[in-house]
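What follows is a short report on a single structure.
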Protein chains: 2
Amino acid sequence: MTDTTGYDIADALGLLLRRGTRARLYTHLTEGLGEAVDELTYPVLSGLARTGPLSAADLGREIGLDRTTVTRRADRLETAGLVQRQPDPVDGRATLLTLTHQGHGTVAVTRQRFVTAIEDSLASWPEADARTFARGLRRFVDEGPFAPQRD
Amino acid sequence: MTDTTGYDIADALGLLLRRGTRARLYTHLTEGLGEAVDELTYPVLSGLARTGPLSAADLGREIGLDRTTVTRRADRLETAGLVQRQPDPVDGRATLLTLTHQGHGTVAVTRQRFVTAIEDSLASWPEADARTFARGLRRFVDEGPFAPQRD
DNA sequence: AGGAGAAGCGTGTGCGGCGCACGCTAATCT
DNA sequence: AGATTAGCGTGCGCCGCACACGCTTCTCCT
């Protein structure tokens, strides 16, 4: 019999990467967190959480957006009190984007919601299967064909 | 010790769903297939491949886009010879969007590239592990918290 | 040491994706 | 048959995005 492993994974990933899936996910994760947090601004927020204080240009490189786009999204988040700007003490040209306390809290909430949703869906799995799957997924994503930028 | 399964999966999925990942994937899959096929038009193409001939309105519901957006993307694909319009024989108001022979070919190429990339990245895995992972991923996506629209 | 060029920032502007709203035709329902 | 519903194309307006400009600050070379 022929091996369908690649096709099975392709189907599953295809579904996962669909627009509707992403939209539903964002809607659920950011619900009730204020209108400043949406599918557009969240990557700025979570990028900052990942990297720590960063200039708009650097953050743009990190998340694959133009510097000016990052600036304007950060404007909204700053107005909402989730992000703060401060002059870089080391470089007088640069402005560092930083998460406020509330900003950290917002990221923590969305991340926790994400984890909870995953754990709920894994609740019916034998624990060993769940662990195996988690390890496999991590490996697949980390060394996968299109995951991190290696350049 | 605490269980980190949910966090591991969340991290991996987070990386997978990032903008940059998606962009790199689309770039690779659609390379050299003509400028009509890109991240915007491809969902129309693959949606049609999935469902068969469909009206713009129905296809819009399928892929989560406004009817008019689908119409305009289909215009480009039609110009490029990948999609064809024909009046619905059953409903005089409707226009069915259909893949041309070339359109089917384009979808086949991208899908094959996707499968190949996945299989390449799995080449170093023990075959049993790869199969287990594929089964797990399918299950996770199918019954997962945000996969198919159940409404 | 000082001037040139590079690198940071904000913001004005143009392009393009998106969906609402309009006017139309065809189907359906009473 | 008339009214309502559902399909289509297309003209807007809105907004995300990045390029381009002018400015400040750093860095580097002479």
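Protein chains get the first letters and strands the later ones, always in sequence-line order, with residue 1 at the start of each. What you see is a predicted model; the values in this text were computed from it and never measured. Keep in mind that the numbers below use all heavy atoms, side chains included, and drop hydrogens, waters and symmetry copies.
Note: CG (A:Asp88) to P (C:dC9) measures 9 Å, nearest angstrom. In this structure, the CZ atom of B:Arg76 is 8 Å from the P atom of C:dC18, given to the nearest Å. Atom P of nucleotide D:dG7 and atom CG of B:Asp58 are separated by 7 Å, given to the nearest angstrom. The interatomic distance linking B:Leu96 (CG) with D:dA6 (P) rounds to 18 Å, in whole Å. Remark: P of C:dG8 and CG of A:Asp91 are 8 Å apart, rounded to the nearest angstrom. Between the CD1 atom of A:Ile63 and the C1' atom of D:dA18 there is a distance of 14 Å, rounded to whole Å. Rounded to an integer number of Å, the gap from A:Asp38 CG to D:dG16 P is 8 Å. Regarding B:Arg19, its CZ atom lies at a distance of 11 Å from the C1' atom of D:dA18, rounded to whole Å.
Looking at B:Leu77, B:Thr30, B:Asp75 one by one, the single match for side chain to side chain contact (heavy atoms under 4.5 Å, CB included) with B:Thr41 turns out to be B:Leu77. Screening B:Val109, B:Val115, B:Thr110 for a side chain to side chain contact (heavy atoms under 4.5 Å, CB included) with B:Arg113, the sole residue that qualifies is B:Val109.
A salt bridge links A:Asp58 with A:Arg61; the closest basic N to acidic carboxylate O contact falls under 4.0 Å.
For B:Arg85 and D:dG9, the shortest distance from a side-chain N or O to OP1 or OP2 is below 4.0 Å.
Side-chain contact between A:Ser121 and A:Ile118 is absent, with no heavy atoms from C-beta onward closer than 4.5 Å.
The closest side-chain donor-acceptor pair between B:Glu31 and B:Thr27, if any, does not fall under 3.5 angstrom.
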As a quick check of understanding, evaluate side chain to side chain contact (heavy atoms under 4.5 Å, CB included) for B:Arg138 and A:Ile9, giving each step before the final call. CA-CA 7 Å; B:Arg138 278 200 76 85; A:Ile9 295 178; over 6 Å; no

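Using bins of under 30°, 30° to 60° and over 60° for the plane-to-plane angle, the ring pair A:Trp125/B:Phe140 lands in the perpendicular bin.
Nearest-nucleotide positions on DNA chain D for B:Ser55 and A:Leu65 put B:Ser55 closer to the 5' end.
Judged by distance alone with a 3.5 Å cut-off, a donor-acceptor contact links the side chain of B:Arg93 to the base of D:dA6.
Across residues 66-75 of chain A, A:Arg67, A:Thr68, A:Thr71, A:Arg72 each have a non-hydrogen atom less than 4.0 Å from an atom of DNA chain C (numbered order).
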